[in-house]
2 protein chains.
Amino acid sequence: MAKYKKRERQELLIERVSTDPFLTDERLSEMFEVSIQTIRLDRLELNIPELRERIKHVAREETDKIRSLSLQEVVGEIIDIELNHHALSLFIVEEGHVFRKNQIARGHYLFAQANSLCVAVIDEPLALTKSAQIEFIKPAKLGDKVISKAVVVSMEGRIAAITVESKIEQRLVFKGRFEMYYTGEGEKNG
Amino acid sequence: MAKYKKRERQELLIERVSTDPFLTDERLSEMFEVSIQTIRLDRLELNIPELRERIKHVAREETDKIRSLSLQEVVGEIIDIELNHHALSLFIVEEGHVFRKNQIARGHYLFAQANSLCVAVIDEPLALTKSAQIEFIKPAKLGDKVISKAVVVSMEGRIAAITVESKIEQRLVFKGRFEMYYTGEGEKNG
DNA sequence: ACTGATGTTAGTACCAACTACTAAATGAGG
DNA sequence: CCTCATTTAGTAGTTGGTACTAACATCAGT
């Protein structure tokens, strides 16, 4: 019994095909040392589509992803906002955001969430970060839902001061104080 | 002459196929009201591969993008490093990094470059950002090459202090002071 | 009006990578 | 030994092509 049992083989098959969708039945049959027909029966039972359909699917999916990635301009989803006063956003920690080793989110994603929120809360044509003091209190992990709240403390002479607090299940994980530079209609008066 | 001339048709063909790689010769022949053979001759002359190859190409390209995006773990390319002392990285501002309105790079990308560099320069199994004070001195624009330099000032009691300066053509655009928390082999002794 | 070049269409044989189906061989367990 | 599950073999048909040959069609120039 050099080969696998049906059950075993099918589990491995799922894994192989999902990590490399470009495998033909022929290649797979060589890998598992079974006939092509067996592979086809397996795919049938497991509802795995044929090579071409898999590739097509990948191609379709990925053209979609390009869109959602250029929308990654803003990190986190804004769930409440009152311009020039405060704003709330939600950021869910996904695989791409964490260190593989320990599943902890890279700091710059938490920063990015806070920074995006600061840009969004300022109701002016131009808003750029001027400076920030930030603190990472607890690490955020894969799957965590981070709620970030920005509060505008003051807006004077083209500089807004904003405080941000990010929490996971009510626990503070990040806080920061941002100074934003802005210009806009009011510029004529100043 | 309801149809197009050869020249015209071929130009349109390129456009159609590049905007939608999923078109079969049959669909294309209907669109241009010519025979399938004509479409095939056109593809041959224009070096346009067949449907399946086009799809495969898209799929491959995009799976690469995913990889390079999850490799976006580190923002910027490290060009010189001496562990626990200093490190240099290059970050080129691309379309995805800027505000569409004014082509200015979002602050969190400059932060991410600096932050990644701080993580990289610490030669310990775990290194997390604890706090940072940062300043954005001048905006970085589309196409700019940002060189970031991190210098480790001290490493004591699991906390490293690092200063970072980022420049575009010798001009300072960003600076920051990072505190990194780290643990490693030395943990047993502490 | 005839000739030639260019462009278009038709048709055949072949390919990869399948699906869908039937049928036979093999194995492992009771 | 028998039996049921599993595996293999083999055939016909599909899609979306390549590669090639041959037959038109069209128009331009002489």
Side-chain angles (χ1 to χ4, degrees), chain A residues 1-69 95, chain B residues 1-70:
Chain A
M1 181 87 81
K3 305 174 188 183
Y4 302 100
K5 290 198 192 107
K6 188 178 175 179
R7 194 57 195 257
E8 232 176 329
R9 188 190 56 230
Q10 295 197 337
E11 279 169 27
L12 279 169
L13 189 92
I14 293 174
E15 211 191 292
R16 286 292 162 89
V17 170
S18 59
T19 57
D20 183 1
F22 299 90
L23 291 166
T24 61
D25 287 358
E26 200 181 6
R27 286 287 299 117
L28 287 164
S29 78
E30 287 163 13
M31 288 170 122
F32 292 107
E33 294 178 75
V34 292
S35 70
I36 282 199
Q37 280 77 358
T38 302
I39 295 294
R40 290 182 175 160
L41 273 176
D42 284 348
R43 282 200 297 99
L44 204 73
E45 285 177 24
L46 299 168
N47 275 320
I48 297 172
E50 63 165 289
L51 171 81
R52 286 154 180 171
E53 292 306 312
R54 295 196 301 266
I55 293 179
K56 211 186 288 181
H57 189 82
V58 172
R60 284 243 159 73
E61 216 172 46
E62 306 314 341
T63 45
D64 292 352
K65 258 180 205 159
I66 291 173
R67 268 167 230 148
S68 67
L69 271 159
E95 274 199 32
Chain B
M1 183 87 82
K3 305 176 188 182
Y4 301 99
K5 289 195 193 112
K6 187 178 177 180
R7 194 57 195 255
E8 233 177 328
R9 187 189 58 228
Q10 293 196 339
E11 277 170 29
L12 279 170
L13 189 94
I14 292 174
E15 211 190 293
R16 287 291 162 88
V17 169
S18 59
T19 58
D20 184 0
F22 298 90
L23 291 166
T24 62
D25 287 358
E26 201 180 6
R27 286 286 298 115
L28 288 164
S29 78
E30 286 163 14
M31 290 171 121
F32 293 106
E33 294 178 75
V34 293
S35 70
I36 281 200
Q37 279 77 358
T38 302
I39 295 294
R40 289 182 177 161
L41 274 175
D42 284 348
R43 281 201 298 100
L44 203 73
E45 285 177 23
L46 299 169
N47 275 319
I48 298 173
E50 64 166 286
L51 171 84
R52 287 153 181 169
E53 292 306 312
R54 295 195 301 266
I55 293 180
K56 208 186 288 178
H57 192 250
V58 172
R60 282 245 159 72
E61 220 171 42
E62 307 312 341
T63 46
D64 290 354
K65 260 177 205 159
I66 290 173
R67 262 169 228 146
S68 69
L69 271 159
S70 65

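Below, chains carry the letters A, B, ... as their sequence lines are ordered, and counting in each starts from 1.
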Report task. By nearest nucleotide on DNA chain D, pick out whichever of A:K56 and A:S35 is the more 5' one. Result -> A:S35
To the nearest angstrom, how far is [X] atom [atom1] from [N] atom [atom2]?
X     : N      : atom1 : atom2 : value
A:I39 : D:dT6  : CD1   : P     : 15 Å
A:E53 : C:dC18 : CD    : C1'   : 10 Å
B:R52 : D:dT14 : CZ    : P     : 15 Å
A:R40 : D:dA12 : CZ    : C1'   : 14 Å
A:I55 : C:dA16 : CD1   : C1'   : 12 Å
A:D25 : C:dT19 : CG    : P     : 6 Å

Does [X] reach the side chain of [Y], with side-chain heavy atoms less than 4.5 Å apart?
X     : Y     : value
B:L51 : B:R54 : yes
B:R43 : B:R40 : yes
A:F22 : B:K56 : yes

Report task. Check each of B:L12, B:L23, B:I48, B:D20 against B:L28 using the side chain to side chain contact (heavy atoms under 4.5 Å, CB included) test, and report the only one that passes. Result -> B:L23
Query - Backbone of B:Y4 reached by a side-chain donor or acceptor of B:R9 within 3.5 Å - result: no
Would you indicate, yes or no, if [N] has its OP1 or OP2 atom less than 4.0 angstrom from a side-chain nitrogen or oxygen of [X]?
X     : N      : answer
B:R27 : D:dG16 : no
B:T38 : C:dT8  : no
A:R9  : D:dT7  : yes

**Report entry** Residues within residues 41-51 of chain B bordering DNA chain D, heavy-atom distance below 4.0 Å
**Finding:** B:R43, B:E50, B:L51
Query raised in the report: How about B:E45: does its CD atom have over 12 heavy atoms from other parts shown lying under 6.0 Å from it?
Result: yes
Report task. State whether the number of non-hydrogen atoms from other residues, nucleotides or ligands found under 6.0 Å of A:E8 atom CD is greater than 12. Result -> yes
Report summary line: Of A:Q37 and A:T24, the one whose nearest nucleotide on DNA chain C sits closer to the 5' end is A:T24
